[in-house]
Every structure is written in structure tokens, then in C-alpha cells.
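A short worksheet on the structure shown next.
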2 protein chains.
Amino acid sequence: MVRTKSKDTLPDVELRLSTAQESARRSQGAASEVYKRLRRAIVEGEIRPNEPLIEADLAQALQVSRTPIRESLQRLAADQLITPRKRGWAVREYSLEEIRERSEVRAALEGYAARLAATRATDAEIAAIVAIQDERDRTADLTPAYRVEANRRFHDAIIAAARNTRLADDIFRVGQFYFNKHIAKLTTDEERRLNQQDHREIINAIQARDGRRAEDAMRSHIMQTFTVFQRISGN
Amino acid sequence: MVRTKSKDTLPDVELRLSTAQESARRSQGAASEVYKRLRRAIVEGEIRPNEPLIEADLAQALQVSRTPIRESLQRLAADQLITPRKRGWAVREYSLEEIRERSEVRAALEGYAARLAATRATDAEIAAIVAIQDERDRTADLTPAYRVEANRRFHDAIIAAARNTRLADDIFRVGQFYFNKHIAKLTTDEERRLNQQDHREIINAIQARDGRRAEDAMRSHIMQTFTVFQRISGN
DNA sequence: GCATGCAAGTTCGCATGCAAAGTACGGACA
DNA sequence: TGTCCGTACTTTGCATGCGAACTTGCATGC
């Protein structure tokens with residue numbers, strides 16, 4: 001009997017992968033495609049937390065055998081996106097406490113990246129960062145999706161300027177769960193204003209080549225983002 | 001034809017795994033055992049960098065089929081211990097540049113851990129950290145293995161006091177390649193003296209509950225360790 | 001002597017079979 | 001009615017088969 005849940009309509013949208021993850025895998029083949037799809041489905045919330053992942057069902061839905069499914073589940077577990085059950089795997093649920101921990105890790109890593117960027121960025125890279133933020137401020141179309149994208153580009157530009165691919169990969173790993181469009185929809189005007197102000201402070205510090213100030217600004221920006229989470233989940 | 005390299009004599013010593021990694025996997029079964037053995041063989045240098053890993057050979061050597069071997073290779077790739085070739089996998093080689101990048105990541109993470117420890121550690125935890133270092137200073141038997149162990153315990157105690165399991169896991173991930181007994185053998189007396197001095201400075205800052213100073217001290221300690229690497233590989 | 005192309009051998013990616021471990025359900029008994 | 005237990009079913013872990021992709025090495029021509 002064929003089981004059809006929502007799984008057989010998984011979207012096949014392209015996923016951004018960190019460079020190391022991309023290069024650490026054969027980037028083509030059935031297993032890789034399965035991995036991208038499952039990852040997308042989990043990150044987007046299509047597969048609910050604690051929902052068990054049945055190998056045979058996924059194989060059926062994605063029209064491959066269980067072997068590439070199993071390989072993908074291994075990768076997802078390494079990404080901490082799924083967690084082992086006595087039997088099989090389930091989508092991982094993140095407690096507020098865990099999000100706090102991850103926020104601290106991100107503050108440590110991305111703060112350090114901002115510090116490095118302040119000393120290592122070329123003038124062109126700084127100009128690019130400023131341009132991204134300027135465009136964000138100029139844009140009228142502030143849909144959640146656009147805000148997520150603009151935010152991501154801002155952070156990515158700083159991380160790139162830090163010139164440390166391992167650091168960039170680890171930031172991607174820990175940060176991949178945050179600020180998606182679902183969250184973006186729930187922010188208040190005041191929070192957005194604070195957010196933009198934070199970005200400007202980071203930019204100012206980098207322009208001044210002040211590593212310590214850039215690091216502090218990035219850290220408090222990230223921990224500020226956590227308080228938004230806290231508000232949203234705490235209501 | 002059966003190929004017998006050194007692989008069929010892989011040691012089956014217990015491996016310390018980070019909590020998340022341990023819990024992220026079924027901890028029993030053939031695949032898990034294979035993973036531990038291969039990991040050990042790579043970290044210990046039994047399998048040389050760039051040496052290709054042939055699924056069938058490993059299966060033969062470890063007396064399992066290719067399936068658990070393939071699963072283990074996936075995990076090792078996630079750990080960044082092996083890297084994909086056009087065909088198959090090979091043990092990863094670390095350039096000095098990559099070690100520098102990893103050192104920076106470790107400085108960011110473990111520095112932050114030291115900062116958190118300075119504010120969060122209980123008096124008992126601080127006493128434990130001090131006790132570890134006192135014992136190290138008192139011990140006459142300074143074999144490389146002992147020094148590695150004492151160093152690890154010192155760092156672990158601080159990380160534990162930071163009370164952030166995710167941070168601890170990420171530090172383990174990035175730091176697992178450093179300061180093993182091969183490296184410990186190559187350090188100079190002066191480097192060891194500096195090392196112990198660094199540890200004392202970190203302790204002092206934590207005792208003073210000075211997060212910023214603890215963070216700075218830990219960072220410079222870790223980057224100092226990198227310069228030792230540089231010296232060793234640069235000769 | 002060197003390059004080029006072809007063929008044989010190697011190794012992998014994926015599919016599938018099977019046994020064992022786990023799970024749920026229904027019936028019997030308190 | 002509630003609990004305990006056995007049985008049938010589900011789902012996994014591991015083994016293995018097969019076709020395809022890549023590599024290697026030799027032969028042939030320039």
C-alpha cells in the first residue's frame with residue numbers, strides 16, 4: 001500500500017549550503033538531491049518537530065530506494081536537524097534553552113568574524129556591506145522574505161570579509177535555524193528599528209577599523225535577536 | 001584477493017565523543033563500532049593523510065559489509081576527518097592555513113567559554129580548575145601523554161563551567177585535532193613554561209570573575225598554541 | 001620518444017532481501 | 001474496568017547484487 005502524506009509534494013527549491021558542506025559531499029546524485037529536499041522540508045517546517053521519519057515512506061515519496069535515504073538521514077543528524085529515537089529518527093525540537101545556547105555560540109563566532117572583518121576587510125568589501133544596508137533602508141517592499149534575504153546578505157558580507165572559511169562554515173551550521181520568514185513575520189516595528197540600528201553600529205565600527213567595537217556590537221545584536229525569540233515563544 | 005595492509009590491526013580503544021555526537025547516534029551496533037575504529041585510526045595517524053579509503057578493503061579488514069562502512073564514512077566526512085575524491089574518500093590533510101583558521105575558530109569559541117565560566121562558575125568549579133593545574137605543576141612525570149591529558153582536563157573544566165553544551169560540542173569538534181602526544185613530544189621547555197603561565201593567567205581572571213580578561217587570556221593562549229604549530233611545521 | 005585512444009579492471013552508487021528488534025493491539029485474567 | 005502478556009505487524013540494520021563511472025595501462029600511430 002502506498003502511503004501519501006504531504007511528503008510526496010516536497011518542494012525542490014535550491015538550498016544554500018556552506019562551502020565546506022558543499023565540497024564535503026559529492027554534489028550530485030540521488031542521495032544529494034534527497035538530502036537537499038529533506039533538509040529544506042525540515043528547515044521550512046514542512047515536517048513537524050518530533051515527527052518520526054520512516055525510511056520506507058521517504059523512499060516512496062522521493063522515488064528512491066532506502067539507501068540514499070539512510071545516507072541523507074546521516075547527514076541531517078550530523079547537522080543536528082534530526083535526532084535518534086529508540087527506533088529511527090525524528091525531527092528535532094528546539095527548546096528555548098537550546099536556542100539560547102546556540103545564540104551564544106553564534107555570538108561568539110560571528111562576533112569574532114566581525115572583529116576579523118574590521119581588520120581584514122578591503123575598502124571594497126566595506127563599501128559592499130554598506131551598500132547592502134543602504135539598499136535595505138531604501139527598499140519599500142519590506143516583505144518578510146525580503147527582510148530575511150537582506151539580513152542574510154548583510155551578515156554574509158561581513159563573514160566573507162573575515163576571510164576564514166572554517167569560521168564561515170561553523171557560523172552557517174549554528175545559525176541556519178534562525179530568522180526565517182516565519183520569524184520575520186512576527187517581529188514588531190520597534191524590533192526592526194533596533195535591528196537596523198544594530199546593523200549601523202556594526203558598520204560604523206568596521207569602517208572605523210575598530211575590531212573590539214565591531215565584535216561587541218555584533219554580539220549584542222545577536223543576543224538582541226535572541227530576546228525576540230524569547231518574546232515570541234514566551235507569549 | 002584479500003588485501004591486508006595495517007588496517008586489519010586497527011586498535012579498538014575507546015574514544016571520547018562529544019555529548020551531542022554520542023547522543024546523536026545509536027551508540028551500539030556494527031556501524032558505530034566501525035566508526036570509532038576508523039576515527040581512531042585517522043586521528044592517531046594510523047591511516048595517512050591522502051590515503052584513499054576503499055570501502056571493500058575496510059569492509060574486509062573490519063569484517064562487516066560495505067553498508068556500515070559507508071555509514072561510518074559519512075560520519076567521518078561530517079567530522080571533516082575525510083574528504084571526497086572524484087571517486088571515494090581520502091583522509092584529509094590539514095594545511096597550516098587551515099590550522100590557522102581552526103585556531104581562530106577555537107579562539108572565538110573557547111575564549112567565549114572562558115568568559116562565561118568567569119561569570120557562571122561555582123566556587124567549587126573554580127576550585128576544581130585550580131586543582132587540575134596544581135596537580136599538573138606538582139607532577140614530576142611529565143610524559144607527553146600525561147601533559148596532553150592534563151591540558152585536556154584543564155580546558156574541559158573551564159568549558160564545563162561555561163554551562164553551554166552546544167558550545168562545548170562545537171569546541172570539541174574544532175579542537176579535536178590539536179595537541180596530541182605527537183605534538184606534545186615536540187614542544188620546547190620554553191613553550192611549556194609559557195603554556196603554564198597562560199593557564200595561570202586564565203585561572204586568575206576567572207577567580208577575579210573578570211570575563212573579559214578571561215576571554216582575552218584564553219584567546220591569546222590558543223593563538224600561542226598555534227604559533228607552536230607554526231614553528232613545528234615550518235622548520 | 002611521446003601522445004592518444006581503447007579495453008580491462010576497479011570501485012562506487014543505488015536497489016533490494018532478510019533477519020532481528022521494536023511496537024501496537026487484542027484477549028485473558030484479576 | 002484495568003492491567004498484563006502474547007502475537008502479528010512494522011521498521012530498522014546489515015548484507016549483497018548489479019550497472020555505471022572512473023582509472024589504469026597497454027598498444028598504436030605520429
Side-chain angles (χ1 to χ4, degrees), chain A residues 1-5 7-8 10 12 21-39 47-48 50-78 81-92, chain B residues 1-5 7-8 10 12 21-38 47 50-78 81-92:
Chain A
M1 176 207 164
V2 177
R3 302 165 198 220
T4 48
K5 298 190 180 175
K7 286 165 195 161
D8 48 358
L10 295 178
D12 57 349
Q21 282 192 318
E22 188 54 74
S23 70
R25 312 294 187 180
R26 254 162 238 42
S27 50
Q28 48 198 354
S32 184
E33 188 59 32
V34 167
Y35 169 71
K36 289 181 189 172
R37 283 192 173 212
L38 288 180
R39 187 192 172 94
I47 306 178
R48 293 285 154 71
N50 291 320
E51 186 167 345
L53 297 159
I54 309 300
E55 292 178 4
D57 288 356
L58 297 173
Q60 169 73 38
L62 298 174
Q63 290 295 301
V64 293
S65 80
R66 282 172 51 219
T67 304
I69 297 289
R70 286 172 60 82
E71 182 174 320
S72 298
L73 292 176
Q74 289 292 330
R75 295 193 196 177
L76 294 168
L81 283 170
I82 64 178
T83 191
R85 287 263 175 283
K86 285 146 292 188
R87 184 99 171 259
W89 306 90
V91 174
R92 187 141 182 213
Chain B
M1 176 206 162
V2 178
R3 303 166 196 217
T4 50
K5 299 191 180 174
K7 286 165 197 161
D8 48 358
L10 295 178
D12 58 349
Q21 283 192 318
E22 188 54 75
S23 70
R25 312 293 187 182
R26 253 163 240 39
S27 50
Q28 49 198 357
S32 184
E33 188 58 33
V34 167
Y35 169 70
K36 288 180 189 173
R37 283 193 173 212
L38 289 180
I47 306 179
N50 292 320
E51 186 167 344
L53 297 160
I54 308 300
E55 293 179 3
D57 289 355
L58 297 173
Q60 170 73 36
L62 298 175
Q63 290 296 299
V64 292
S65 79
R66 282 171 52 219
T67 305
I69 297 288
R70 286 172 60 81
E71 183 174 319
S72 298
L73 293 175
Q74 289 292 331
R75 295 192 195 178
L76 294 168
L81 284 170
I82 64 178
T83 191
R85 288 264 174 284
K86 283 147 291 189
R87 183 98 172 261
W89 307 90
V91 174
R92 187 139 182 214

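Chain A is the first sequence line, chain B the second, and so forth, proteins listed ahead of strands; every chain is numbered from 1.
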Next item on the list: Mind calculating the distance between CG (B/Asp57) and C1' (C/dC12) to the nearest angstrom?
Entry: 13 Å

Checklist line | Nearest-angstrom distance from the residue atom NZ of B/Lys86 to C1' of D/dT24 | finding: 13 Å

Next item on the list: Specify the closest pair of heavy atoms between A/Val34 and A/Val64, including all atoms of both residues, with the distance to one decimal.
Entry: CG2-CG2, 3.9 Å

Checklist line | Out of C/dG17, C/dT23, D/dA15, whichever nucleotide has its closest atom nearest the side chain of B/Val64 | finding: D/dA15

Next item on the list: Let me know the distance between CD1 of A/Ile69 and P of C/dC14, rounded to the nearest Å.
Entry: 11 Å

Next item on the list: Using atom CZ of A/Arg85 as one end and atom P of C/dA24 as the other, report the distance to the nearest whole Å.
Entry: 12 Å

Item checked: Candidates C/dT23, D/dT23, C/dC14 - which lies nearest the side chain of B/Arg87 -> D/dT23

Item checked: Whole-Å distance separating the CZ atom of A/Arg66 from the P atom of C/dG17 -> 11 Å

Check: For the pair made of CG in B/Leu73 and P in C/dC14, what is the distance, rounded to whole Å?
Finding: 14 Å

Next item on the list: Could you pick out which residue, B/Thr67 or B/Glu55, lies toward the 5' side of DNA chain C when each is mapped onto its nearest nucleotide?
Entry: B/Glu55

Checklist line | Rounded distance in Å - CD1 (B/Ile54) to P (C/dG13) | finding: 11 Å

Notebook entry, point to check: Whole Å only: how far is the CD atom of B/Gln63 from the P atom of D/dA15?
Noted result: 10 Å

Next item on the list: Indicate whether OP1 or OP2 belonging to C/dA15 is found under 4.0 Å from a side-chain N or O atom of A/Ser65.
Entry: yes

Notebook entry, point to check: For D/dA8, which nucleotide is its Watson-Crick or G-U wobble mate, given both distances must be under 3.5 Å?
Noted result: C/dT23

Next item on the list: Scan every strand shown for a Watson-Crick or G-U wobble partner of D/dG19, both distances under 3.5 Å, and answer none if you come up empty.
Entry: C/dC12

Checklist line | Nearest-neighbour nucleotide for the B/Pro68 side chain, D/dC14, D/dT11, C/dC14 considered | finding: D/dC14

